[in-house]
*Asks:* 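Before I ask anything, let me first share the structure, which is written out below as structure tokens.
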Amino acid sequence: MARDGGELKLLGLWSSPFVTRAKLALQIKGLSYEYVEEDLGNKSELLLSSNPVHKVVPVLIHNGKPVCESSVIVQYIDDAFAGTGPSILAADPYQRAVARFWAAYLEDKIVTPWRRVFMVKTDEEKAEVMRQTIAAVAVLEDGLKECSGGQGPFFAGDSVGYVDVLLGGMVSWLKAAEPLSGDKIIDAAKTPLLAAWMERFCELDAAKAVLQDVDAVVEYARALQARIAAATANNQ
């Protein structure tokens, strides 16, 4: 039960960075909830009825009403439980707008291209996806400087905010990139602010409570790549 008496249930998948975003928001707000691990190869009726459009996790169910998409869920948690725990989005409209801008940038320029790395067929295509991702991360370094005022430890300044949660959900996968591909997506030599941010974020109690084990993510990703490669070969 949530602290206000409302029932919270999160449908998820342990490996999903998007589910981790929802978990982080719930943890930061100090909310208790029921977690339901989904098998995406055999989706539950609850998942299919709660997210009939995309049929994917995460789905947050609050008092029987489903909320879908990780970025929407994080905002919903902050709004629905405004009187509980620290705020995730700033009260100031301009600061909220800036955070939403960089959140959209993160989704469009980093997350979306990076997800293609598991779908491409050649090493050349994979190298190009990684090049685009790393270039976009360099721009996000400037976003951290802007959002934090140039000196705050997090995107929201002294405390964790919206962009921190969205990027924070990706941390285990960001760390897994090097053993998977040989590429550091966040490299202290190229993006020192983001590298320092990642170290600080991982030390947060909320992060320690929900971030996936990196070795487990690497193992999962390699198995996923193998399945995709086999399916591609069978379709040729």
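Values reported hereafter were calculated over all heavy atoms of this structure, with side chains retained and with hydrogens, waters and symmetry mates removed.
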*Asks:* Let me see the working for L174 and W114 under side chain to side chain contact (heavy atoms under 4.5 Å, CB included), right down to the final yes or no.
*Replies:* CA-CA 10 Å; L174 292 170; W114 183 33; 4.0 Å; yes

*Asks:* Tell me, do L167 and L140 make a side-chain contact under 4.5 Å, heavy atoms counted?
*Replies:* yes

*Asks:* Test side chain to side chain contact (heavy atoms under 4.5 Å, CB included) on R100 and V98; report intermediate values, then the result.
*Replies:* CA-CA 5 Å; R100 285 177 171 140; V98 170; over 6 Å; no

*Asks:* Taking the side chain as C-beta and beyond, is there a heavy-atom pair between K190 and K184 under 4.5 Å?
*Replies:*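 Counting from C-beta outward, K190 and K184 never come under 4.5 Å.
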
*Asks:* Would you mind reporting whether V59 and L10 have side-chain heavy atoms less than 4.5 Å apart?
*Replies:* no

*Asks:* Heavy atoms, side chains only, cut-off 4.5 Å: are E219 and V217 in contact?
*Replies:* no

*Asks:* Ignoring hydrogens, what is the shortest heavy-atom contact between Y35 and G12? Give both atom names and the distance.
*Replies:* OH-C, 3.2 Å

*Asks:* Hydrophobic side-chain clustering at under 4.5 Å (ILVMFWY, transitive links): who's grouped with V56? Put none if nobody.
*Replies:*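 V56 clusters with nothing; isolated.
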
*Asks:* Could you give the distance from CZ (R21) to CG (L166), rounded to the nearest 0.5 Å?
*Replies:*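 Those atoms lie 4.5 Å apart.
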
*Asks:* Looking at CG of L47 and CG of L13, how far apart are the two atoms once the value is rounded to the nearest 0.5 Å?
*Replies:* 10.5 Å

*Asks:* Can you list everything that forms a side-chain hydrogen bond (donor to acceptor under 3.5 Å, both in side chains) with E38? Sequence neighbours excluded, please.
*Replies:* S44

*Asks:* Applying salt bridge (charged side-chain N to carboxylate O under 4.0 Å, His left out), can you list everything that pairs with K109, at least two apart in sequence or on another chain?
*Replies:*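 With neighbours one apart ignored, the set is empty.
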
*Asks:* Q95: what forms a side-chain hydrogen bond (donor to acceptor under 3.5 Å, both in side chains) with it, not counting sequence neighbours?
*Replies:*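 Applying side-chain hydrogen bond (donor to acceptor under 3.5 Å, both in side chains) to Q95 gives none.
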
*Asks:* Mind checking what makes ring-ring contact (aromatic ring centres under 6.0 Å, His included) contact with Y105, not counting sequence neighbours?
*Replies:*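 Once residues adjacent in sequence are excluded, the partners of Y105 under the ring-ring contact (aromatic ring centres under 6.0 Å, His included) criterion are W102.
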
*Asks:* Restricting to pairs with a member in residues 127-143, which pass side-chain hydrogen bond (donor to acceptor under 3.5 Å, both in side chains), not counting sequence neighbours?
*Replies:* E128-R131, E128-Q132

*Asks:* Is there a donor-acceptor pair closer than 3.5 Å between any side-chain N or O of T112 and the backbone N or O of E107?
*Replies:* yes

*Asks:* Please name the pair of heavy atoms, one in L46 and one in S49, separated by the smallest distance, quoted to 0.1 Å.
*Replies:* O-OG, 3.1 Å

*Asks:* Given 3.5 Å as the limit, does a donor-acceptor pair link the side chain of D183 with the main chain of E178, or not?
*Replies:* no

*Asks:* Quick one: ring pair (Phe, Tyr, Trp, His ring centres under 6.0 Å) pairs with a partner in residues 161-192, sequence neighbours left out?
*Replies:* F118-W173

*Asks:* Are any of the side-chain heavy atoms of C202 and V171 separated by less than 4.5 Å?
*Replies:* yes

*Asks:* Got a salt bridge between E37 and K9, using NZ or NE/NH1/NH2 to carboxylate O under 4.0 Å?
*Replies:*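 No, E37 and K9 are not salt-bridged.
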
*Asks:* Partners of R115 by side-chain hydrogen bond (donor to acceptor under 3.5 Å, both in side chains), sequence neighbours excluded?
*Replies:*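 side-chain hydrogen bond (donor to acceptor under 3.5 Å, both in side chains) list for R115, sorted by chain: empty.
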
*Asks:* Can you check side chain to side chain contact (heavy atoms under 4.5 Å, CB included) on E125 and R116, steps first, answer last?
*Replies:* CA-CA 9 Å; E125 289 175 310; R116 289 180 48 235; 5.8 Å; no

*Asks:* Quick check for you: to the nearest 0.5 Å, what is the distance between L193 atom CG and S148 atom OG?
*Replies:* 7.0 Å

*Asks:* Who pairs with F201 by ring-ring contact (aromatic ring centres under 6.0 Å, His included), at least two apart in sequence or on another chain?
*Replies:*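 Testing F201 for ring-ring contact (aromatic ring centres under 6.0 Å, His included), a comparison that skips the adjacent residues, returns W197.
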
*Asks:* Are V19 and S70 side-chain neighbours, meaning at least one heavy-atom pair lies under 4.5 Å?
*Replies:* no

*Asks:* Between S87 and L89 (side chain of the first, backbone of the second, donor and acceptor by atom type, cut-off under 3.5 Å), is there such a pair?
*Replies:* no

*Asks:* With no hydrogens and no angle check, do the side chains of Q212 and T20 hold a donor and an acceptor under 3.5 Å apart?
*Replies:* yes

*Asks:* Taking all non-hydrogen atoms of both residues, which atom of A206 and which atom of I28 are closest, and how far apart?
*Replies:* CB-CG1, 3.9 Å

*Asks:* For residues I110 and A136, report the shortest heavy-atom separation together with the two atoms involved.
*Replies:*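 Answer, listing the atom of I110 first, then A136: CG1-CB, 3.6 Å.
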
*Asks:* Output every pair passing salt bridge (Lys or Arg N to Asp or Glu O under 4.0 Å) with a member in residues 55-80, not counting sequence neighbours, ordered by first then second residue.
*Replies:*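 As it turns out, the salt bridge (Lys or Arg N to Asp or Glu O under 4.0 Å) pairs with a partner in residues 55-80, which skip direct neighbours, are K29-D78.
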
*Asks:* Would you say the side chain of V165 lies within less than 4.5 Å of the side chain of F154, judging by non-hydrogen atoms?
*Replies:* no

*Asks:* Group every Ile, Leu, Val, Met, Phe, Trp and Tyr by side-chain heavy-atom contacts under 4.5 Å, then state whether Y94 and V163 land in the same group.
*Replies:* yes

*Asks:* Check the pair I88, V160 against side chain to side chain contact (heavy atoms under 4.5 Å, CB included), reporting the backbone distance first and the verdict last.
*Replies:* CA-CA 7 Å; I88 295 173; V160 171; over 6 Å; no

*Asks:* Hey, could you give me the CG/CG distance between L60 and L8, rounded to the nearest 0.5 Å?
*Replies:*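 Answer rounded to 0.5 Å: 5.5 Å.
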
*Asks:* Do the ring centers of H62 and Y33 come within less than 6.0 Å of each other?
*Replies:*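 No, too far apart.
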
*Asks:* Is the number of heavy atoms from other residues, nucleotides or ligands within 6.0 Å of CG (D92) greater than 12?
*Replies:*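 Yes, the 6.0 Å shell around CG holds more than 12 heavy atoms from other groups.
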
*Asks:* Is there side-chain contact between M130 and I185, with at least one heavy-atom pair below 4.5 Å?
*Replies:* yes

*Asks:* Atom SG in C68, atom CD1 in I61: separation rounded to 0.5 Å?
*Replies:* 8.5 Å

*Asks:* Establish whether V139 and I134 are linked, either directly or via other cluster members, by ILVMFWY side-chain heavy-atom contacts under 4.5 Å.
*Replies:*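 They do not share one cluster, since no chain of ILVMFWY contacts under 4.5 Å joins V139 to I134.
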
*Asks:* Considering only Ile, Leu, Val, Met, Phe, Trp and Tyr, and joining two whenever side-chain heavy atoms are under 4.5 Å apart, list the other residues clustered with V218.
*Replies:*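 Listed partners: L180, V214.
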
*Asks:* Can you check whether P153's main-chain N or O pairs, donor with acceptor, with D158's side chain at less than 3.5 Å?
*Replies:*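 It does not hold such a pair.
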
*Asks:* If every non-hydrogen atom of P66 is compared with every non-hydrogen atom of G64, which pair is closest and at what distance?
*Replies:*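 For P66 versus G64, the nearest heavy atoms are CD-O, 3.7 Å.
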
*Asks:* What distance separates L144 CG from L194 CG, expressed to the nearest 0.5 Å?
*Replies:*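 Separation between the atoms: 5.5 Å.
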
*Asks:* Please report the closest heavy-atom contact between I77 and A25, naming both atoms and the distance.
*Replies:* CD1-CB, 3.8 Å

*Asks:* Partners of K208 by salt bridge (charged side-chain N to carboxylate O under 4.0 Å, His left out), sequence neighbours excluded?
*Replies:* E203

